[in-house]
Amino acid sequence: MPVQNAEIAELFNQYADLLEIKGANEYRVRAYRNAARNISNLSRSAAEMVSGSEDLAKLPGLGKDLAAKVADIVNTGKLPQLEELKEELPAELIDITRLAGLGPKRTGVLYQELGITSIEQLTEAAKRREIRELPGFAVKTEQKILEEIGRRSATAGDEKRYKLSVAEELAQPLLAYLKNVEGVRRVDAAGSYRRKRETVRDLDVLVAHKEGSRVMERFLEYEDVDRVVARGDTRSTVVLRFGMQVDLRVVAEASYGAALHYFTGSQAHNIAVRKMGGNKGLKINEYGVFKGDERIAGRTEEEVYARVELPYIEPELRENSGEIEAAQKGELPDLLVLENIRGDLQTHTRATDGRSSLQEMADAARQRGYEYLAVTDHSKHVTVAKGLDADRLGKQIDEIDRLNEKLDGIVLLKGIELDILEDGSLDLPDDILRRLDIVVCSVHYKFNLPAEKQTERIIKGIDNPYFTILAHPTGRMIGQREPYAVDMERLMKGARDTGCVLELNAQPDRLDLAEVYVRMAREMGIMVAISTDAHSVNELDFMRFGVYQARRAWLEPGDVLNTRSWKELQKLLRNR
DNA sequence: GCCGTTTTCGGCCCGACTGTTTTCAGTCG
């Protein structure tokens, strides 16, 4: 397979890290990081652009120099400058900068003065009390380094990221607790949590308070706080027993919008907006927008944007990957919202591995305001889930027909989650598929086929005229299982040519398609179905995670199949 | 290294907290 965008971004990030340790110009370092981010957000393959002789220097954050370096990487798989720099500075130094309290400068000193290149060597030097003798270091720092390394090995992990659903569980009680503190006017979780990234590293909480509030004290007393990392009047950092770090920032109401904007990020978005302010002779910080010493805006985020002549930009878009340019041109997307969703197109029942009955699923769907719910139990190849053969599926079809007679305000769609077998054939014969409203297909085994074979397998499956939706198209489980090797560009072209719909699976462990592929689908004009894959009535509520992900990928209601009314959907399914 | 309704050169977001320091660098977000 050609070099992936993510690989290019990784090489640029490594180069930036080492440059920083070397003490290079910080803006040069930033240029590499910007380029890395822009390339990883790209909805097209940079390798393909290079082979098509497109001018990469036209991409945001890429100039002549970096465009040439991208071409080098695409052609050789390597960044020669990085190889050279590694001769000078061992790449392991990057691990040391990941330790809390040690950044590039101190890591550089440790290397220059003591020749330290690994965590092990760092531990030994600290134990021998050599660190405290270095300039800029002393006893306290030496102790903190040992503590930090101890914690690291205890949790056996480098910087842990939490799935959004887990972060939500930790955030909600904390927000409720803070809301109840006397003098607190507003509370919001900001940061990547508010931008609805699929995983978050820490939680950023913002509070507006009345003068003299004791909110900071009360925060530090919160029962789930394991330890306090930093404490100040306006900002404190703690680590919860669960291991997640929480930063609390306290501001006055007059600054709340500016602080929310600042604390929501992303950092790259903030830099871009503040720069626009600077061009207009304004200073933007977390306290407001300032003209000289006078605060001229800051109570709401809308005010802040208005001062740089931008409309409000939704948090999910704030990555500085095109949203500011779109806002300037008045071309921001009219983002999908949960209320646009009219039904769920992948769900399971007790007939296979689900835990609720047809009737219970139908009732729960109606309660959520849906018009339809597709019942898509597993097919026979998934034996562990008691998958349906043609006979049992036939009986379920009859049962759904009978139930639909009685149901009011909701329609159950007859469907299946059909296995795509290793050779690309489907797990049940066409004569039973013919009786279904919807055929959701997916890969459940042989994840480790070579990319070429896996791609062929799925594309052959898509060719079946009954194939409606490709479910969890890459098979990834966040933090647990890598996506299987598949040529997504080819797969997408296959989907586009046959009118196949791609699923955005809303299970918080999956969120498959990943954001970059959802964006790719949108740009190629491929319809996306957001489905919960619910195995019980409660899991129907996972829909929100799918909607968040879709919003991050700029999807509008029209891009999503299940925003259609039952009548429109019927028409689309028939034309398939 | 990028970029341009002040600019093709000279800028590049901004502030809180900590620890090592007598005024600030480093780190972090």
Side-chain angles (χ1 to χ4, degrees), chain A residues 12 15-16 19-21 23-38 56-70 81 96-110 131-145 148 159 190-195 200-206 216 228-238 245-251 255 258-259 261-290 304 308-309 320 328:
Chain A
F12 278 177
Y15 194 58
L19 275 181
E20 208 174 18
I21 295 170
N25 178 302
E26 61 173 303
Y27 301 106
R28 188 166 164 235
V29 173
R30 189 190 289 177
Y32 279 95
R33 297 226 166 98
N34 273 337
R37 184 174 41 77
N38 281 309
L56 288 127
K58 290 210 171 73
L59 294 174
L62 287 190
K64 222 174 169 183
D65 184 277
L66 286 177
K69 289 193 167 81
V70 172
Q81 290 82 354
I96 296 180
T97 66
R98 300 278 187 265
L99 290 169
L102 286 183
K105 291 285 193 304
R106 286 179 169 152
T107 299
V109 171
L110 290 167
I131 308 288
R132 63 179 68 181
E133 304 301 332
L134 296 173
F137 292 78
V139 178
K140 247 183 170 166
T141 307
E142 188 178 80
Q143 286 168 348
K144 278 189 81 170
I145 288 173
E148 191 56 34
E159 52 191 47
S192 49
Y193 179 86
R194 183 160 178 250
R195 302 201 311 280
V200 306
R201 195 175 62 83
D202 52 21
L203 200 59
D204 301 306
V205 180
L206 180 67
M216 198 56 90
V228 177
V229 177
R231 62 168 79 196
D233 293 336
T234 64
R235 176 179 208 145
S236 293
T237 300
V238 305
Q245 181 175 310
V246 183
D247 294 339
L248 182 74
R249 188 72 196 253
V250 182
V251 298
S255 295
H261 182 257
Y262 150 74
F263 225 19
T264 298
S266 67
Q267 198 180 23
H269 177 89
N270 285 350
I271 289 174
V273 170
R274 288 178 174 192
K275 200 174 187 175
M276 291 176 73
N279 290 340
K280 294 180 187 300
L282 304 172
K283 188 172 75 170
I284 302 176
N285 59 28
E286 56 265 54
Y287 299 108
V289 181
F290 293 85
V304 175
V308 291
E309 291 172 38
N320 194 22
Q328 282 171 325

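Protein chains get the first letters and strands the later ones, always in sequence-line order, with residue 1 at the start of each. In this text the structure is predicted, and so the values were computed from the model without any measurement.
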Distance test, side-chain N/O of [X] to OP1/OP2 of [N], below 4.0 Å:
X: A:T234; N: B:dC17; result: yes
X: A:Q245; N: B:dG29; result: yes
X: A:Y287; N: B:dA16; result: yes
X: A:T141; N: B:dT20; result: yes
X: A:R28; N: B:dG1; result: yes
X: A:R235; N: B:dC28; result: no
X: A:Y27; N: B:dG1; result: no

(message) Taking the minimum atom-to-atom distance to the side chain of A:R231, which one of B:dG19, B:dC2, B:dT18 wins?
(response)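 Output: B:dT18.
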(message) Can you tell me which nucleotide in B:dC17, B:dC12, B:dC13 comes closest to the side chain of A:A230?
(response)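 So the side chain of A:A230 is nearest to B:dC17.
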Using nucleotides 24-26 of chain B, report all nitrogen or oxygen pairs with the protein that are shorter than 3.5 Å.
none

(request) Write down the partner of B:dC2 under the Watson-Crick or G-U wobble criteria, each distance required to be under 3.5 Å. (result)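 Partner of B:dC2: B:dG11.
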(message) Can you list everything that forms a salt bridge (Lys or Arg N to Asp or Glu O under 4.0 Å) with A:R30? Sequence neighbours excluded, please.
(response)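 Applying salt bridge (Lys or Arg N to Asp or Glu O under 4.0 Å) to A:R30 gives none.
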(message) Using heavy-atom distances to pick each residue's nearest nucleotide on DNA chain B, tell me which of A:M216 and A:A138 is more 5'.
(response)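 It is A:M216, whose closest nucleotide lies nearer the 5' terminus.
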(message) Return whichever of A:V29 or A:I271 has its heavy-atom-nearest nucleotide of DNA chain B closer to the 5' end.
(response)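 Result: A:V29.
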(request) Kindly write out the residues that satisfy side chain to side chain contact (heavy atoms under 4.5 Å, CB included) with A:N279, not counting sequence neighbours, or none if the list is empty. (result)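 For A:N279 there are no side chain to side chain contact (heavy atoms under 4.5 Å, CB included) partners, ignoring immediate neighbours.
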Interatomic distance, [X] [atom1] vs [N] [atom2] [rounded to whole Å]:
X: A:E148; N: B:dT27; atom1: CD; atom2: P; value: 14 Å
X: A:R33; N: B:dG1; atom1: CZ; atom2: C1'; value: 13 Å
X: A:D202; N: B:dG29; atom1: CG; atom2: C1'; value: 8 Å
X: A:K58; N: B:dC2; atom1: NZ; atom2: C1'; value: 16 Å
X: A:D233; N: B:dA16; atom1: CG; atom2: C1'; value: 10 Å
X: A:I131; N: B:dT20; atom1: CD1; atom2: C1'; value: 16 Å
X: A:N270; N: B:dC13; atom1: CG; atom2: P; value: 11 Å
X: A:L134; N: B:dG19; atom1: CG; atom2: P; value: 18 Å

When the [atom1] atoms of [M] and [N] are compared, how many Å lie between them, rounded to an integer?
N: B:dG11; M: B:dA16; atom1: C1'; value: 25 Å
N: B:dT23; M: B:dC17; atom1: P; value: 23 Å
N: B:dT21; M: B:dG26; atom1: C1'; value: 12 Å
N: B:dC12; M: B:dT7; atom1: P; value: 16 Å
N: B:dC13; M: B:dG29; atom1: C1'; value: 12 Å
N: B:dC28; M: B:dT20; atom1: P; value: 15 Å
N: B:dC14; M: B:dC9; atom1: C1'; value: 24 Å
N: B:dT8; M: B:dG1; atom1: C1'; value: 14 Å

With a non-hydrogen cut-off below 4.0 angstrom, is [X] in contact with a base, only sugar-phosphate, or nothing?
X: A:R30; value: base
X: A:A100; value: sugar-phosphate
X: A:Y32; value: sugar-phosphate
X: A:K280; value: nothing
X: A:E286; value: sugar-phosphate
X: A:L99; value: sugar-phosphate

[X] versus [Y]: any side-chain heavy-atom pair under 4.5 Å?
X: A:D247; Y: A:V205; result: no
X: A:H261; Y: A:N270; result: yes
X: A:V250; Y: A:M216; result: yes
X: A:N285; Y: A:F290; result: yes
X: A:S192; Y: A:R201; result: no

Grab the N/O contacts between the protein and nucleotides 3-9 of chain B below 3.5 Å, and write none if there aren't any.
residue: B:dC3; atom: OP1; partner: A:G61; partner atom: N; Å: 3.0

(message) Taking A:E20 first and then A:R33, would you say they form a salt bridge - that is, a charged N and a carboxylate O separated by under 4.0 Å?
(response)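 Answer for the salt bridge query: yes.
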(message) Strictly distance-based, threshold 3.5 Å: is any side-chain N or O of A:S255 a donor or acceptor partner for the main-chain N or O of A:V251?
(response)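 It does not hold such a pair.
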(request) Report yes or no: does A:R106 contribute a side-chain atom to a donor-acceptor pair with the main-chain N or O of A:G101 at less than 3.5 Å? (result)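 Side chain of A:R106 to backbone of A:G101, a donor-acceptor pair under 3.5 Å: yes, one is there.
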(message) Suppose we screen for ring-ring contact (aromatic ring centres under 6.0 Å, His included). Which residues come up paired with A:Y15, at least two apart in sequence or across chains?
(response)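 Listed in chain order: A:Y32.
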(message) Under the rule for side chain to side chain donor-acceptor pair (under 3.5 Å), what residues qualify as partners of A:R235, not counting sequence neighbours?
(response)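 Side chain to side chain donor-acceptor pair (under 3.5 Å) check on A:R235 returns A:Y262.
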